[in-house]
There are 2 protein chains.
Amino acid sequence: MALSLELITATARSLLSQYGLQDVSMRRLARELDVAPGALYYHVPSKQELLRTVAQEILDPLLDEPGDALALMLRFRLLVLPLRDAGDLLLLAYALDTTLPPAQLLPQRLREAGWAPAEAEQTTAVVMRFALGALATEQNQALLQPAQPVTGRAPGAPQAMAAERIYRHGLQRLLAPPR
Amino acid sequence: MALSLELITATARSLLSQYGLQDVSMRRLARELDVAPGALYYHVPSKQELLRTVAQEILDPLLDEPGDALALMLRFRLLVLPLRDAGDLLLLAYALDTTLPPAQLLPQRLREAGWAPAEAEQTTAVVMRFALGALATEQNQALLQPAQPVTGRAPGAPQAMAAERIYRHGLQRLLAPPR
DNA sequence: ACCTGAACACCGTTCAAGT
DNA sequence: ACCTGAACACCGTTCAAGT
């Protein structure tokens, strides 16, 4: 009943946030939409392309973010985190298209903060790689070692540092104005 | 004929560097070893565990690296890069075990360079996330947009920055001695 | 102890054929 | 134009049964 690209990506996003990337399969999508698997290929060229489109949609709200580079990257984290294991997805999407929303906006924000154009480009590349690595790590850890009992920690052992603190600390170092 | 954990991981590493992660399947491994798929499960509890072991083996040489933090991270890159898409693998392995070779050595190297212990830990976490994100990006790009003709570039467009330059630049900023 | 055969519940993608 | 049915070539994992 009126299958469309919009319906497919919406369903994919729903599966992604409810069950994670490994449950976003073409067949699962088809089942969810009450349609034969092959039907999807009339609207979408491949799974990879579909996921790229989904990533674009997810990051779209960033285009309206008025804040500076730090605000942009913090909002980036908040958009990505709820999508259980979308970190891998974004790593792929960014490799395919390095102008993905946070990346395309960063150079300008950095120039506004006093960076020279060439340095702004370089720093954008560095910041994006850090952010993607940090988010993928944070999501993987949440998925793989879930619900660790607080009482069970070895007292002297290095405590697992809060993911947000690490993220902020990295950004702070990388976004510090050029000396 | 004498299947063993060593034989299995060696074959996995060979498949990984020859064909990439997506060709390292339990069934492909079994075919390569002339054995039924189920036989592998007598020696290995799961694919995930197998890949974790493989990652450990790959990073083992780092334990003998005598250089400073920068040398360590540059060697890390050289070990990982040849494994076509091992970046995703390492992201997973690191999430499972944050004491993976480069990470377990970094805090000491940083303290030797004048960092306070707490800052050394924090910086280790940040550097690892950057490195993993950078390597995954570099490998994904190599796989997805292969053999771009040099002559085809738009002259005024921002050139694709060399991955190594970005990697070094990020490390330089993150490893700069605390002010 | 170590392995096979067979099964279970899945994948992405293609394509003739139907409406 | 849009979708189905069926196929092709795969997955990870389990487990009774064999040696």
Side-chain angles (χ1 to χ4, degrees), chain A residues 1-16 18-55 83-86 88-93 95-96 140 143-144 146, chain B residues 1-16 18-55 83-86 88-93 95-96 140 143-144 146:
Chain A
M1 46 120 94
L3 199 54
S4 68
L5 178 59
E6 289 72 32
L7 232 154
I8 294 172
T9 60
T11 309
R13 292 182 62 175
S14 152
L15 285 179
L16 187 60
Q18 276 183 68
Y19 306 103
L21 191 57
Q22 75 273 33
D23 277 62
V24 184
S25 69
M26 297 304 273
R27 296 183 104 104
R28 176 73 189 273
L29 234 28
R31 220 183 308 141
E32 217 79 13
L33 291 162
D34 252 308
V35 110
L40 300 175
Y41 287 86
Y42 192 86
H43 301 272
V44 151
S46 69
K47 185 183 180 182
Q48 185 169 131
E49 253 304 295
L50 170 60
L51 290 181
R52 224 203 31 137
T53 306
V54 167
L83 311 171
R84 317 170 60 90
D85 46 4
D88 296 339
L89 197 173
L90 290 186
L91 236 7
L92 208 94
L96 279 168
N140 280 340
L143 290 177
L144 294 174
Chain B
M1 46 119 97
L3 198 53
S4 68
L5 178 58
E6 289 72 33
L7 232 153
I8 294 172
T9 59
T11 308
R13 293 181 61 175
S14 152
L15 285 180
L16 187 59
Q18 278 183 68
Y19 307 103
L21 192 57
Q22 76 272 36
D23 277 62
V24 183
S25 69
M26 297 305 272
R27 296 183 104 103
R28 176 73 189 273
L29 233 29
R31 219 183 309 140
E32 215 79 11
L33 290 162
D34 251 310
V35 111
L40 300 175
Y41 287 86
Y42 192 85
H43 302 272
V44 152
S46 69
K47 186 183 180 183
Q48 185 169 129
E49 252 304 295
L50 171 60
L51 290 181
R52 222 203 32 136
T53 306
V54 166
L83 309 172
R84 318 168 61 89
D85 46 4
D88 296 338
L89 198 172
L90 290 186
L91 235 10
L92 209 93
L96 280 167
N140 279 341
L143 289 176
L144 294 174

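A, B, ... follow the sequence lines: proteins, then strands. Residue 1 opens every chain. Keep in mind that the numbers below use all heavy atoms, side chains included, and drop hydrogens, waters and symmetry copies.
Between B:His43 and C:dA1, a side-chain N or O to OP1/OP2 separation shorter than 4.0 Å is absent. Between A:Tyr42 and the phosphate of D:dC2, there is a side-chain N or O to OP1/OP2 separation shorter than 4.0 Å.
Nucleotides D:dC2 and C:dC15, compared at atom C1', are 14 Å apart to the nearest Å. Here the separation of C:dA9 from D:dC10, taken at their C1' atoms, is 14 Å to the nearest Å.
Nucleotide C:dT13 holds its C1' atom 20 Å from the CZ atom of A:Arg28, rounded to whole Å. If you measure from atom NZ of A:Lys47 to atom P of C:dT14, you get 14 Å, rounded to the nearest angstrom. Between B:Leu51 atom CG and D:dG12 atom P the separation is 9 Å, expressed in whole Å. D:dC3 atom C1' lies 15 Å from atom OH of A:Tyr41, rounded to whole Å. When rounded to the nearest whole Å, the span between CG of A:Leu29 and P of C:dC11 equals 10 Å. Rounded to whole Å, atom C1' of D:dC11 lies 14 Å from atom CG of B:Leu21. Distance CE (A:Met26) to P (D:dT4): 14 Å, rounded to an integer number of Å. Look at CZ on A:Arg27: it is 16 Å from C1' on D:dC3, rounded to the nearest Å.
Side-chain proximity of A:Ala36 to the nucleotides D:dC10, C:dT4, D:dG5 is greatest for D:dG5.
In plain terms, the two heavy atoms of B:Leu89 and B:Ala55 that are nearest each other are CD2-CB, 3.5 Å. For the pair B:Arg28 and B:Tyr19, the tightest heavy-atom approach, listed with the atom from each and the gap, is NH2-CE1, 3.6 Å.
Mapping A:Leu40 and B:Ser46 onto DNA chain D via the closest heavy atom, the residue that lands nearer the 5' end is A:Leu40. Nearer to the 5' terminus of DNA chain C, by closest-nucleotide assignment, is the contact made by A:Val24 (compared with the other of A:Ala39 and A:Val24).
When atom types are taken as modelled, the side chain of A:Asp85 and the backbone of A:Leu21 share a donor-acceptor pair closer than 3.5 angstrom. Between the side chain of A:Thr11 and the backbone N or O of A:Leu7 there is at least one donor-acceptor pair closer than 3.5 Å.
In this structure, D:dA1 and C:dT19 make a Watson-Crick or G-U wobble pair, each of the two defining distances being under 3.5 angstrom. Base-pair partner of C:dT13: D:dA7 (Watson-Crick or G-U wobble, both distances under 3.5 Å).
Atoms NE2 and CD, from A:His43 and A:Glu49 in turn, are 15.5 Å apart once rounded to the nearest 0.5 Å.
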